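The chains referred to below are lettered A, B, ... by the order of the sequence lines, with proteins before strands, and numbering in each begins at 1. Side chains included, hydrogens not; waters and symmetry mates left out as well; all remaining heavy atoms used. From a predicted model like this one, the values you see are computed outputs, not experimental measurements.
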Protein chains: 4
Amino acid sequence: MVLQIGVIGGHKASPAEIKVAESVGEKLALAGAVLVCGGLTGVMEAACRGAKRSGGVTIGILPGLRAEDANQYVDYPIVTGIGDARNSIVVRSAQAVIAVAGSTGTLSEIAYALKSEIPVISLNSWDIPGVHQVDKPAAAVELALELADGKG
Amino acid sequence: MVLQIGVIGGHKASPAEIKVAESVGEKLALAGAVLVCGGLTGVMEAACRGAKRSGGVTIGILPGLRAEDANQYVDYPIVTGIGDARNSIVVRSAQAVIAVAGSTGTLSEIAYALKSEIPVISLNSWDIPGVHQVDKPAAAVELALELADGKG
Amino acid sequence: MVLQIGVIGGHKASPAEIKVAESVGEKLALAGAVLVCGGLTGVMEAACRGAKRSGGVTIGILPGLRAEDANQYVDYPIVTGIGDARNSIVVRSAQAVIAVAGSTGTLSEIAYALKSEIPVISLNSWDIPGVHQVDKPAAAVELALELADGKG
Amino acid sequence: MVLQIGVIGGHKASPAEIKVAESVGEKLALAGAVLVCGGLTGVMEAACRGAKRSGGVTIGILPGLRAEDANQYVDYPIVTGIGDARNSIVVRSAQAVIAVAGSTGTLSEIAYALKSEIPVISLNSWDIPGVHQVDKPAAAVELALELADGKG
């Protein structure tokens, strides 16, 4: 089965966070991993853009009822219509999750990932026991792939 | 955006239904459509097998918590963990839905599709007002593509 | 455990359907059953109004994010935020379900009830195999209580 | 509309946490608030037991498919069947939430509450920015009622 890695973070993001998310998406694609995210703007869009730039595949698990809400870099929109309850689906569909900054929505995703024993790597995101803190996109992707592998 | 077509039906299926579902999957793939389904056995597995045989892409929206529950022809497992409530997500993620026989689970999907104004084509499935009845896989796929297009 | 009976039907309803739903709610309350519904207008509101008039208890399982969306006769609003996916919760929280007319949303609820082997009684609602058709509110409530009991 | 206050925490709990949860339930009931929780064991059961001892009303929003999974102090079981995705429903159905210790499931609930701007009071639970930390059940209930009121 293909490796699916989640990228989570805010739908609003600073220029620095955007740059980090793009780099994460790019490196995941180069490693052959499929990117799973919430499908919207901010960190999600930047990660998808990075992935597509490197020829990757992207899945966007949307909260609303419209496929059109997906950012333009989402290959496969999943239209849940269940609002933020879809956060649990984003992380469960991934073998490891990389968090780029983010607010309470991201925190709910981290909580679900930890509960499901899905490894979480943080790039300047929440500092919760069990979450792996790293400094650089390259380190995040490397660790995600390693931990996902150990999991599979 | 890529065309995503849903195939719904029972996780148990007769040999005749399996053959029909395989043919539907095959023809969808040849037409370049992505197949969305519930990811399990029966009609879902047969449709995915048909799609992969013709080089298509398949997405399986699973009710449980394990990606491993997906049939072996699912490219991208979406792990919802929300049980049969995921039925609404299967149909919403498609621009048109083809139903192959099926029981009450399939009926819930048809109901959600009709509510969301997503066209439903039936191959020996439920006869509900608004559902298009056809006889052959080729006719089902043709009509699904036509109606999905009109929708987009 | 207390008996919880679901009442399902459209958020828009004709005067005749409103009258039927009110009577159903009234009779359920008199029988000591708790009324579970989708919490909104139309059949849901009429059933709740009937139940409160007879001193009953009402639970409204809302699709949106605002408790304020509940009709004024709901005692306990459950704020799901998962949209129409909440339909499956309405029926699962009941030991039997009475359908008053209704459209595709009601059909999805009937399908979920049948799948969960929860008895469904129809008052001019969908004619699906397995659904009990009756003519009068009194007969619907009587049969619901009887079948729920057999289930418990 | 009646005041609904959530009590969240682990399904496993230490004797000290059980005692705290019971006291919270008791005081909520004495204040006339309806207790909303996840309906299972541990903190949830203790809070319900406390509430019933003081004549309160309890609602249990269950993850599974069986009303029988509710602890014996739940008046009204809501049978979601959506697993841990029901965590978002527990907090949204409350005007304020009291967390008693708890692990990652509780963290997901706190995250959802903060995202929905529902006040969270912690009794030895997660220390997340925005969560109110208190020491005693009485203080937790008092603050929950005050903040819920400000919210209504």
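- Other residues, nucleotides and ligands place more than 12 heavy atoms under 6.0 Å from the CD atom of A:Q133.
- Judged by distance alone, the side chain of A:R92 and the main-chain N or O of B:T80 form a donor-acceptor pair under 3.5 Å.
- When heavy atoms are compared at a cutoff of 4.5 Å, B:V90 does not approach chain A at all.
- The shortest heavy-atom contact between A:S93 and B:P77 is CB-O, 4.1 Å.
- Remark: of the listed residues B:D75, B:I78, B:V34, B:V34 is the sole one forming a side chain to side chain contact (heavy atoms under 4.5 Å, CB included) with A:Y76.
- The candidate with the highest count of non-hydrogen atom pairs below 4.5 Å against chain B, out of A:V57, A:I61, A:L62, is A:V57.
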Stepwise side chain to side chain contact (heavy atoms under 4.5 Å, CB included) check, A:V79 with B:V91: CA-CA 9 Å; A:V79 183; B:V91 296; over 6 Å; no
